[in-house]
Structure formats: C-alpha cells, structure tokens
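We count ligands from 1, going down the list as the structure has it; atoms in each ligand are counted the same way. Residue indices begin at 1 and follow the sequence shown.
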Amino acid sequence: MKVMVLGADGYLGWPLSMKLANKYDYEVIGVDNFSRRERVREIGSDSALPIRSMDERIRAFEENFGKKIIFEEGDLRDYEFVEKIIKKYRPDVIVHFAEIPSAPYSMIDVHHAVETHENNVNGTLNLLFAMKEFSPEAHLIKLGTMGEYGTPNIDIPEGFFEIEYRGRKDVLPFPRQAGSFYHQTKVHDSNNIMLACKIWGLRSTDIMQGVVYGTRTDETAVDERLVTRFDFDEAFGTVINRFCAQAVIGHPLTPYGKGNQTRGFLNIMDTMRCIETIMRNPPKEGEYRVVNQLTEVLNINEIAEKVQNIGKELGLDPVIERIENPRVEAEEHYYNVDYKKLGEMGFRRKYTVDDSIRYMLEDLIPHKERIEKYKRHIIPKIKWREGLSE
Ligand SMILES: NC(=O)c1ccc[n+]([C@@H]2O[C@H](COP(=O)([O-])OP(=O)(O)OC[C@H]3O[C@@H](n4cnc5c(N)ncnc54)[C@H](O)[C@@H]3O)[C@@H](O)[C@H]2O)c1
C-alpha cells in the first residue's frame, strides 16, 4: 500500500509516518512545508521535547528500523506542487493532517484568521482537484475535529442524523457550530469534501477527532532523534499536554473559566491505531463517511485533578488556579457523543488519560528547563473578543 502523509513533520504526522513504514511495511511519502515549526516560533515558544530536522529524522528512522520514508517539501496552497506529487506517486491512501490546527492562532486578528482559512480551505481544495485528476480511487483520510459540532443540547451522532420535519423524513448532515475561525475552516473542508465525493465519486473518511495527548509512540521512544514535537504554549498546546508541562515546572494548572467544558480525548498511540483501522476499512467509491475519533469524555476540571494527583505521587506539587476564560464557549453544557464506528471496524482503545499522565510527566521532567524558558507563553493573551493583548 502506498500512503501519502500530508503534514508529516507534525505532532501526529511524524509518528504516523514511522508507524506505517515500520509496522505495516507500507510505502510512505511524507509531505510538509515546516510551517508549524515557524508558527510556534512566531508565538515565541518551542517544542518541550527537542525535535530534529526532517533529514535527521529520516536517517535515524532508517538506522533504527531499516526502512525508508520518502519526503517531499512543499506547500499545499500551491496547486502545481500538489498536482506534481499526486501525479508522481498516485497514492492508494492520503492522510491529510497538513493544516493550521490552532483555534487561538486563528483568533489573533484578521490576518491570522485569513491565513488559517487560506491555508486550510484552499490547501484541501487543491488536494481534492488533484485527486480528481490523478488519483480518483485513493482513500482520503482527512483530519477534522470534534469542535466542528460545538456543544449542542442534544446527542452528537457520527456526521449524519435522521430528522423528521413537517411530516417528512431525511438523513442529513448534523449541524456544525464551530467555536473559532479555525474550527470553521474544518467545517468548510467537510462541506467541500462531501461535495467532491458526491460530484466526482471520490471516497473519504472525515475524522472528527477529539483532543490528542501524549509524549511518545512505540517508534518515537526508541531514539531521541525520533521524538515528535510537544507544544505547551497557549496557541499550540492542547489541554492535557499543557497541564502536564505546567505541573513539571510548578506552574499552576489553569482551567479556563468554570472548567466544566467537556470534550473527547485520545492518546496519540490510540490515534495512530484509529487511523490504521480506518485505512484498512475504506469507504466505497463516492462515499463521504464521518467517524468520531475519541476514546474518553472528560471535563477540564477532571483533567486538572488527575494531573494534580499523579503529579503529587511523583513529588510535584501542582495547584489548580482557574483563570478568566479567553474563549467564548459554554462552560457548562450537555455532551453526549456517539463513537461506535471505529469499534465496529475492530478498534479497541489501549490507553486512558489515567494511564498516560504518569509517563508524560516522567518524559517531560528532563526537559524542565526548556519549558521554564518559554513559560510566559502558557497563560493566554489571545482573547476571542479582543484578539491579542499584551
Ligand atoms: N493534535 C490534536 O489534538 C488534534 C485534534 C483534533 C484535530 N487535529 C487535526 O489533526 C491534524 C494534525 O494535527 P497536529 O497536532 O499533528 O498538527 P501539526 O501542526 O503538528 O501538524 C500539521 C503539519 O502540517 C504542516 N502544514 C500545515 N500547513 C501546510 C501546508 N499548507 N502545506 C504543507 N504542510 C503544511 C505543518 O507544518 C505541520 O507539520 C490537523 O489538521 C489538526 O487540525 C489535531
């Protein structure tokens, strides 16, 4: 199987590229423009775990596992580049991670909102057109987010629901209610992919992914040159990762507002296993399929308490300090999500938040000084109403 991983330098893209080449012997073609590295630097921060250049990563991977990863540097916003790589490799599967993944980044100002839209929506459109021309049979696995649904006061199905309205019934896309301009780009992508499947017969799995946490996978743990990035700043650090980084340097754990915001989560190693499962169970020609990808539902206060308790067992002393919520979001709400499709395809979760926090803290402790160095970027300065404030 020939798999193209778009966004292969990222938090998820690098470990997935290694997993597919190592465990499954797939031919892997990674693609990236290294923009995540630049954007984290723009925020003023850096990965807590030091990461190597792509050349060094690929060399170290080959040395350790005896397998190759092909890499193409380029930008999905450039249609000629996208056309060139799809035509050259004609992949069986395309895993599309290559977007700006940050809600706060998209809320800084008009320029960052537009940049996030241009990057995510246009990049995906370029890809859809190139697939139509040169690899219409390929399975597009696209990373969306559970944030596309927002927090409705009813159950959240997997993409579609049956509705009866004025005496007639239909199965329709479940309403999307994004909470940031970033999340909105994912909604636009979903609509564009659904249309491309309908009019051109492409096949796609649109993953509504929960928040991913974790410091390692089987392959990244083998050699320090193979680690994946781990961000903890206000824009690119997701909540469990950020709380673990805070705990390690004795910074208070900072739930936003009341902290009762409830979300879906999954460990990075389970994320890899979910995507492999989806790869082995492709949709039919013309099918647009939505899968909710999460393994646990928790609220932010529960997570802070877990990090606090496990941190104490390791001799850390994290305190919890709720701070003003920079976002505009419900702080108390109903949340009941379906996530059955992955189970039906054979996926079983291996990890929980409880199992993972201990080793995450242990992995981060040796990098305490790096976290200290950038700690001023943890507390949010980007606010949904006012934008960036100093
Ligand atoms: N990490 C999470 O918790 C999470 C949760 C839900 C959804 N997602 C989605 O999963 C995907 C991967 O997330 P991640 O955490 O690995 O993000 P990431 O930023 O680490 O990875 C994305 C990679 O794509 C690259 N990229 C971005 N725009 C590009 C472009 N125009 N051309 C070429 N390369 C480009 C970046 O340089 C980066 O290496 C994203 O689409 C994100 O929105 C992530």
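No more than 12 heavy atoms of other residues, nucleotides or ligands lie within 6.0 Å of CD in E369, so this atom counts as exposed by the packing criterion. For CD of E313, the number of neighbouring non-hydrogen atoms (other residues, nucleotides, ligands) closer than 6.0 Å is greater than 12.
Looking at H96 next to ligand 1, no N or O pair under 3.5 Å apart turns up. By the 3.5 Å distance cut-off applied to N or O atoms, I100 is not counted among the residues near ligand 1. Among the atoms of L76, some N or O lies under 3.5 angstrom from an N or O of ligand 1. Of the N or O atoms in D32, one or more lie within a sub-3.5 Å distance of an N or O in ligand 1. Considering backbone and side-chain atoms alike, K186 places an N or O below 3.5 Å from some N or O of ligand 1.
Assignment of Y182 to the shell around ligand 1 is supported, since a heavy atom sits closer than 4.0 Å. The shortest heavy-atom distance from S35 to ligand 1 is under 4.0 Å.
Of all non-hydrogen atoms in G74 and N33, the two that sit nearest each other are O-CB, 3.2 Å.
In this structure, the ring of F71 has its center less than 6.0 angstrom from the ring center of F34. Remark: aromatic rings of W200 and F129 are close, center separation under 6.0 Å. Outside the 6.0 Å centre-distance limit, the rings of F174 and F160 are not counted as a close aromatic pair.
Those atoms of ligand 1 that come under 4.0 Å of a heavy atom in G144, given as number and element, are 7 (C). Listed by number with element, the atoms of ligand 1 under 4.0 Å from a non-hydrogen atom of G74 are 32 (N), 33 (C). Per-residue contacts place G210 under 4.0 angstrom from the following atoms of ligand 1 (heavy atoms of the residue considered): 5 (C), 6 (C). Shown in contact with D75 at under 4.0 Å from a heavy atom are these atoms of ligand 1, numbered in order with element: 30 (C), 31 (N), 32 (N). Taking a cut-off of under 4.0 Å to the non-hydrogen atoms of Y11, the atoms of ligand 1 that pass are 1 (N), 15 (O), 16 (O), 20 (O).
Relative ring orientation between W14 and F61 is described as perpendicular, the plane-to-plane angle rising above 60° on a 0-90° scale split at 30° and 60°.
In this structure, V121 is not a member of the same hydrophobic cluster as Y288, with clusters built from ILVMFWY side-chain heavy atoms closer than 4.5 Å. By the criterion of side-chain heavy atoms lying less than 4.5 angstrom apart, applied directly or through intervening Ile, Leu, Val, Met, Phe, Trp or Tyr residues, L388 is not grouped with Y182; the two fall into different hydrophobic clusters. Hydrophobic clustering of Ile, Leu, Val, Met, Phe, Trp and Tyr side chains at less than 4.5 Å, counting indirect connections, keeps V337 apart from I207. Hydrophobic clustering keeps M146 apart from L266 (ILVMFWY residues linked when any side-chain heavy atoms are closer than 4.5 Å, directly or through intermediates).
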For this session: Start with the C-alpha distance between E296 and T352, add both sets of side-chain angles, then the distance that settles side chain to side chain donor-acceptor pair (under 3.5 Å), and finish with yes or no.
Result: CA-CA 7 Å; E296 260 173 295; T352 63; 5.0 Å; no
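The heavy atom nearest to atom 23 (C) of ligand 1, considering only G237, S47, G7, G147, is found in G7. The residue from R39, Q209, E73, R229 that puts a heavy atom closest to atom 7 (C) of ligand 1 is Q209.
Residue contacts with ligand 1 for V212 involve both N, CA, C or O and side-chain atoms from C-beta outward (heavy atoms, distance under 4.0 Å). With a 4.0 Å cut-off on non-hydrogen atoms, T238 touches ligand 1 through its side chain and not its backbone. Using a 4.0 Å cut-off between heavy atoms, F265 makes no contact with ligand 1 at all. Under 4.0 Å from ligand 1, the heavy atoms of F34 that appear belong solely to its backbone.
Nearest protein neighbour of atom 16 (O) of ligand 1, counting heavy atoms only, is L12 N, 2.9 Å. At the top of the distance list for atom 9 (C) of ligand 1, counting protein heavy atoms only, stands L143 CB, 3.9 Å. Of the protein's non-hydrogen atoms, the one nearest atom 19 (O) of ligand 1 is R36 NH1, 2.8 Å. Nearest to atom 28 (N) of ligand 1 among the protein's heavy atoms is N119 ND2, 3.1 Å. Looking only at protein heavy atoms, the nearest one to atom 21 (O) of ligand 1 is G10 CA, 3.5 Å. Nearest to atom 42 (C) of ligand 1 among the protein's heavy atoms is P101 CB, 3.5 Å. Scanning the protein heavy atoms around atom 12 (C) of ligand 1, the nearest turns out to be F97 CD2, 3.5 Å. The protein heavy atom nearest to atom 35 (C) of ligand 1 is N33 OD1, 3.1 Å.
In summary, E99 and K186 engage in a salt bridge, as defined by a charged side-chain N under 4.0 Å from a carboxylate O.
Screening R322, E329, R327 against N325 for a side chain to side chain donor-acceptor pair (under 3.5 Å) leaves a single residue, E329.
Side chain to side chain, T205 and H139 meet the donor-acceptor criterion of an N or O pair below 3.5 Å.
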